Amino acid sequence: MRACIFDLDGVLVDTAKYHFIAWRNLASKLGVEFSEHDNEQLKGLSRDASLDYILNKGNIVATDVQREQWKEEKNNEYLALVLQMNENETLPNAKELLKELKSNNVKIALGSASKNAELILDRVNIKHYFDAIIDGTKTSRSKPDPEVFLLGAKALNCEPHECIVFEDALNGVKAAKSGGFYAIGIGEPEVLFEADKVYASLASVNFKMLELLS
Ligand code: BG6
Ligand code: MG
């Protein structure tokens, strides 16, 4: 293992709850029901693909102008919540693991679909751990396409088989596996069944055990 590539939302920070509030409010305005189950399906998907999901569910045909307006509305509400985040809102052991990897010379990249990733890394003060940041502003294909992780590996000068990807979404695990990466799922084994290993959270992960995996 030469490098680790981390998804952001749901792995390092618990922002899924904020995405849920903002998408649910937009969906409700459009007359579409939006449950926790729906939110689970959106994990790892781009903002565009997430809006598509809601519009499809409600059989809504939208113009480009409406789409842009709704995405902006959702994002403004999401940002208002994210801007209230503080340094303590990283998930358990996230900071400690990043620190441990850094001190053992493991390269670290972010591989996130979010266009707000840098802002969030700043809010919770972990940006300095990353040697490369690949986010939704740098990719053109949504997970499960492996693009985001392949760009991450390239930016770190590593081959996919030298990198471990951490993902909380099945779409993200699929992206990692199809790109040739070792995939660690963070969440439930029933959901992330395609991952090489699944842990409930980063709290059960440390450098030594990662070294033994590869
Ligand atoms: C992913 C989240 O990390 O980023 C998705 O899991 C989200 O739920 C996507 O839709 C895009 O995020 P943003 O911040 O660009 O709207
Ligand atoms: Mg995620």
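Note that ligands are numbered from 1 as they come in the structure, with each ligand's atoms numbered from 1 the same way. Please read all numbers here as calculations on a predicted model, not as lab measurements. Just so you know, residue 1 is the first one in the sequence shown, and it goes up from there.
By the 3.5 Å distance cut-off applied to N or O atoms, K43 is not counted among the residues near ligand 1. Backbone and side-chain nitrogen or oxygen atoms of D9 are examined, and one is located within less than 3.5 angstrom of a nitrogen or oxygen of ligand 1. In terms of N/O distances under 3.5 Å, ligand 1 is not approached by N75.
Considering CD1 of I186 and CG of D7, their distance stands at 10.0 Å, rounded to 0.5 Å. For the atom pair CD1 of I5 and OG of S112, the computed distance is 12.5 Å after rounding to the nearest 0.5 Å.
Short contacts between ligand 1 and G44, defined as distances under 4.0 Å to a heavy atom of the residue, involve ligand atoms 2 (C), 5 (C), 6 (O). Close approach of ligand 1 to L42 (heavy-atom distance below 4.0 Å) involves ligand atoms 5 (C), 8 (O). Listed by number with element, the atoms of ligand 1 under 4.0 angstrom from any heavy atom of K115 are 13 (P), 14 (O), 15 (O).
Of all protein N, O or S atoms, those under 2.8 Å from the Mg ion (ligand 2) number 3.
Figure legend: K197 and Y199 shown without cation-pi pairing, the cationic atom not lying both under 6.0 angstrom from the six-membered ring centre and within 45 degrees of its axis.
Counting heavy atoms under 4.0 Å from ligand 1, residue S50 touches it through the side chain alone. Looking at L45 against ligand 1, only its backbone comes within 4.0 Å, counting heavy atoms.
Residue contacts with ligand 1: A169 is excluded, as none of its non-hydrogen atoms falls under 4.0 Å.
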